[in-house]
Amino acid sequence: MRQVVLLVPVLLFFSSCLSRKETDYFQLKGDSAATSLTIPAGYEPPVQPNDLLEIRVTSINPDAASFFNPGTETAGAATNEGTQYLVDNNGNIEIPLVGVLNVAGQTTTVIRDTLRSKLEKYLQSPTVNVYFKTYKITVLGEVKIPGVYYINNEKANLPEVLGLAGDMTIYGDREHVLIIREADGKKNFGYIDLTTREVFTSPYYFLRPNDIVYIAAGKGRLASSDTFYRIAPLLISFLTLLTLIAVRIDVAK
């Protein structure tokens, strides 16, 4: 009976073994001998209604600049954080003296340059920083820490986000990583093969706000589960038979 019990994990181990070709990232495959690849330019996401922006204004005169950073002082001490603005349903935000500014469809770079130009009449050599506070990516499936991740980098890429999620488990399907992306009112579905170096040239390499990354279970996970469900009933029946035999032997004694 002890030998049978020990045999089960051994069978599960060999049934779920994976080769390095299935688990290693960024391999050279086929006739490819690429030692360098041209990465597409990083994507700058446009601002949309209900986005939350953080804007920080500085200048040679800090006191004058503080007027454009309302709510960023704590107990009389200035902080390095900016003021947060929620983009309304019409795509507008309202800034002191500047007034209503339509930002929908614009990148943070364009908004920064526009604000700097408008603030030059009030400040000497103004500096403006604009950041997304709602740049989030959802990671699901075979990763160590699935969840929703808020990114401070507008050019976040897939390897970086997987790193935040603790990387894939050994069972993750690295050849068919699904990216679900919403654009123009539609859901688009794209796949990336992380076992090849061509991942760096994929349009899904750079992630966009609200992307969903899904890692399906690979055949290793499916094989181990299938083996367990096939062996478990046989093992239970066999152990039951041994128990009955042992009981009969005890009774006979």
Side-chain angles (χ1 to χ4, degrees), residues 38-139 145 147-165 179 181-185 200 203-213:
T38 301
I39 299 177
Y43 171 77
E44 290 191 81
V47 172
Q48 301 177 27
N50 298 316
D51 278 343
L52 189 64
L53 300 177
E54 181 176 304
I55 300 176
R56 176 69 178 171
V57 178
T58 58
S59 75
I60 294 176
N61 187 336
D63 291 334
S66 65
F67 180 80
F68 297 94
N69 300 299
T72 59
E73 293 187 0
T74 304
T79 69
N80 291 324
E81 297 181 357
T83 301
Q84 295 183 5
Y85 295 89
L86 178 65
V87 182
D88 66 23
N89 290 331
N90 296 318
N92 299 324
I93 58 175
E94 187 169 358
I95 299 176
L97 290 184
V98 175
V100 176
L101 187 67
N102 186 272
V103 296
Q106 300 181 22
T107 65
T108 55
T109 300
V110 173
I111 298 169
R112 179 198 64 196
D113 294 341
T114 300
L115 273 177
R116 183 190 296 127
S117 175
K118 290 180 177 295
L119 291 174
E120 284 178 346
K121 67 174 68 175
Y122 307 108
L123 300 172
Q124 185 177 3
S125 302
T127 299
V128 180
N129 293 302
V130 183
Y131 307 96
F132 274 99
K133 297 295 289 184
T134 48
Y135 196 137
K136 66 179 181 180
I137 306 293
T138 302
V139 186
I145 314 173
V148 178
Y149 291 88
Y150 289 87
I151 311 298
N152 292 325
N153 178 6
E154 292 181 13
K155 294 185 180 180
N157 57 55
L158 180 59
E160 290 175 348
V161 171
L162 288 178
L164 291 175
I179 311 294
R181 176 171 296 167
E182 185 172 340
D184 300 324
F200 296 104
Y204 289 95
Y205 173 72
F206 286 105
L207 298 177
R208 303 184 183 183
N210 301 312
D211 275 359
I212 299 173
V213 179

| said: Quick check: do Asn210 and Glu182 have side-chain heavy atoms less than 4.5 Å from each other? | reply: no
| said: Give me the atom names and distance for the closest heavy-atom approach of Pro46 to Asp51. | reply: O-OD2, 4.2 Å
| Can you find a heavy atom in the side chain of Gln106 that is under 4.5 Å from one in the side chain of Val47? | no
| query | Is there side-chain contact between Val139 and Tyr149, with heavy atoms separated by less than 4.5 Å? | reply | yes
| query | To the nearest 0.5 Å, what is the distance between CZ (Phe206) and CD (Glu160)? | reply | 8.0 Å
| Nearest-0.5 Å distance that lies between atom OG in Ser125 and atom CZ in Arg116 | 10.5 Å
| Do you know which two heavy atoms are closest between Tyr150 and Lys133, and how far apart they sit? | CD2-O, 4.1 Å
| said: Quick check: do Ile93 and Ile55 have side-chain heavy atoms less than 4.5 Å from each other? | reply: yes
| message | How long is the straight-line distance from CD of Glu54 back to OG1 of Thr134, given to the nearest 0.5 Å? | response | 11.5 Å
| remark: Rounded to the nearest 0.5 Å, the CG atom of Leu207 sits from the OG1 atom of Thr138 at a distance of 11.0 Å
| Does Glu44 offer a backbone N or O that forms a donor-acceptor pair with the side chain of Glu154 under 3.5 Å? | no
| Any side-chain heavy atom of Lys118 sitting closer than 4.5 Å to one from Ile95? | no
| message | Side chains of Pro45 and Arg208, heavy atoms from C-beta outward: is any pair under 4.5 Å? | response | no
| query | Under 3.5 Å, is there a donor-acceptor pair between the side chain of Asn69 and the main chain of Val57? | reply | yes
| field | side chain to side chain contact (heavy atoms under 4.5 Å, CB included), paired with Asn102, selected from Asn92, Asn90, Thr114 | value | Asn92
| task | Tell me, please, which residues at least two apart from Leu97 pass side-chain contact (heavy atoms from CB on, under 4.5 Å). | result | Phe67, Phe68, Tyr122
| request: Look at atom CD of Gln124 and say whether more than 12 heavy atoms of other residues, nucleotides or ligands are closer to it than 6.0 Å. | output: no
| From CG (Leu86) to CG (Asn50), nearest 0.5 Å | 6.0 Å
| Is there a side-chain contact between Phe132 and Leu53 (heavy atoms, below 4.5 Å)? | yes
| field | From Tyr205 atom OH to Lys155 atom NZ, the distance as rounded to the nearest 0.5 Å | value | 12.0 Å
| message | Quick check: closest heavy atoms across Ile151 and Ala156, and the distance to 0.1 Å? | response | CG2-CB, 3.5 Å
| said: Taking the side chain as everything from C-beta on, heavy atoms only, tell me whether Val87 gets closer than 4.5 Å to Tyr85. | reply: no
